[in-house]
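Reviewing the structure listed below.
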Protein chains: 2
Amino acid sequence: MLDKTDQKIIEELTNNGRMTMKELGEKVHLTGQAASSRVARLEDEGILEGYTIKVNKQKIGYSVHCFINIYTRNIHHQPYLSFLDLESEYVLNNYKISGDGCYLLECRFPSNKELDAFLVQLNVHVNYKLSIVINQS
Amino acid sequence: MLDKTDQKIIEELTNNGRMTMKELGEKVHLTGQAASSRVARLEDEGILEGYTIKVNKQKIGYSVHCFINIYTRNIHHQPYLSFLDLESEYVLNNYKISGDGCYLLECRFPSNKELDAFLVQLNVHVNYKLSIVINQS
DNA sequence: GGATAATGCTTGATAAGTGAAAGGAAATGG
DNA sequence: CCATTTCCTTTCACTTATCAAGCATTATCC
């Protein structure tokens, strides 16, 4: 499905998603047009899902990064999931997991103040265990 | 530091990091050149750290996504961290966290076979608790 | 085996975007 | 009140993207 050239394209675009097709072509030994049509194919196949940016969240005031293990008390998860939708400003990811707990929730907050308010509301729906990210290596 | 326009720019580029500056300008009611110079400033300030792509990892053969709570047995973490460097193909993130455990390790594997081999080696350095992602909502 | 089709590339012309320079409007400060 | 700064727009030369056409290689089918 993916040949060496496709893999290289994915690698290059992961490092710089805004590189010109001409530049990308040079990296993978193709013309810009050929590179462009391969990228279009990767998009059509749903392998390349989109383009985005890496933002320094600390610099824009979201410095508290945490993971929250969720333990549902109720067989109905919908209230919890609906709550996440409302608080989506803070939610990065919500993973349904095997192992300890039902979900692993990844969030970012401007400060402990917002985190605290979030946890109070969260506790209406579920129990939780909080882990704060100290560093990322 | 960031005005409304900057925030909108970040939002738009998060949704489509490859949009043209002209297009971005229209979204935020500026000319392409003005948008471009704001983006350049965001890059200089380190707020916009780079451009990348979203890849469907399942489609390229990395279908097992998991989080591993790491419990170090030894005060020296370096052997564990060096191990991660060697196995970086599978490692998405390694967070130093508060709460249960010392690290939260996020990985992706082509199959349980590679996961198993990874865990065997991991156990040389640390104890762990495994959570497999079933779904992402 | 040879015609046919399909795939993936290159080439070339046109349309579109980018970047640098020049200039103007609004806010800031002596 | 004028000078300065900041941020924007306009213009133009230049680069890049896009589209269609053409060509080579490989696969397919009778």
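Order of the sequence lines sets the chain letters (A, B, ...), proteins ahead of strands, with each chain counted from 1. We use all heavy atoms of the structure for the numbers below, so side chains are in, but hydrogens, waters and symmetry mates are not.
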Mind calculating the distance between CD (E26(B)) and P (dT9(D)) to the nearest angstrom? 12 Å
Whole angstroms only, please: what is the CE-P distance between M19(A) and dT18(C)? 16 Å
Aromatic ring proximity, centroids under 6.0 angstrom, F83(B) and F118(B): yes
Rounded to whole angstrom units, what separation is found between the CG atom of D3(B) and the P atom of dA27(C)? 15 Å
Is K27(B) atom NZ crowded by more than 12 heavy atoms from other residues, nucleotides or ligands, each under 6.0 Å away? no
Hey, which sits more toward the 5' end of DNA chain C by its nearest nucleotide, K22(B) or R41(A)? R41(A)
In this structure, how many angstroms lie between the P atom of dT10(D) and the CE atom of M21(B), rounded? 19 Å
Tell me whether the side-chain N or O atoms of Q33(B) pair up with the base of dT10(D) as donor and acceptor below 3.5 Å, since no angle test is needed here. no
Can any side-chain N or O of R18(A) pair as donor or acceptor with the backbone N or O of M19(B) at less than 3.5 Å? yes
Relative to the 5' end of DNA chain D, which residue comes earlier, R18(B) or T5(B), by the nucleotide with the nearest heavy atom? T5(B)
Residue whose nearest DNA chain D nucleotide is more 5′ - E23(A) or L30(B): L30(B)
K27(B) NZ - dG17(C) C1' separation (whole Å): 17 Å
Among N93(B), D85(B), N94(B), find the residue that satisfies the side chain to side chain donor-acceptor pair (under 3.5 Å) test when tested with S137(A). N94(B)
Shortest side-chain distance from R38(A), nucleotide among dC9(C), dA17(D), dT10(D): dC9(C)
Between dA17(D), dT9(D), dT10(C), spot the one nearest the side chain of T31(B), thanks. dT9(D)
What is the distance, rounded to the nearest whole Å, between atom NE2 of H29(B) and atom P of dT9(D)? 12 Å
Suppose we call two aromatic rings close when their centres sit under 6.0 Å apart. Are H65(A) and Y95(B) close by that rule? yes
When you check the phosphate oxygens OP1 and OP2 of dA17(D), does a side-chain N or O of S36(A) lie under 4.0 Å from one of them? no
Atom CG of L24(A) and atom P of dC9(C): how far apart are they, to the nearest Å? 12 Å
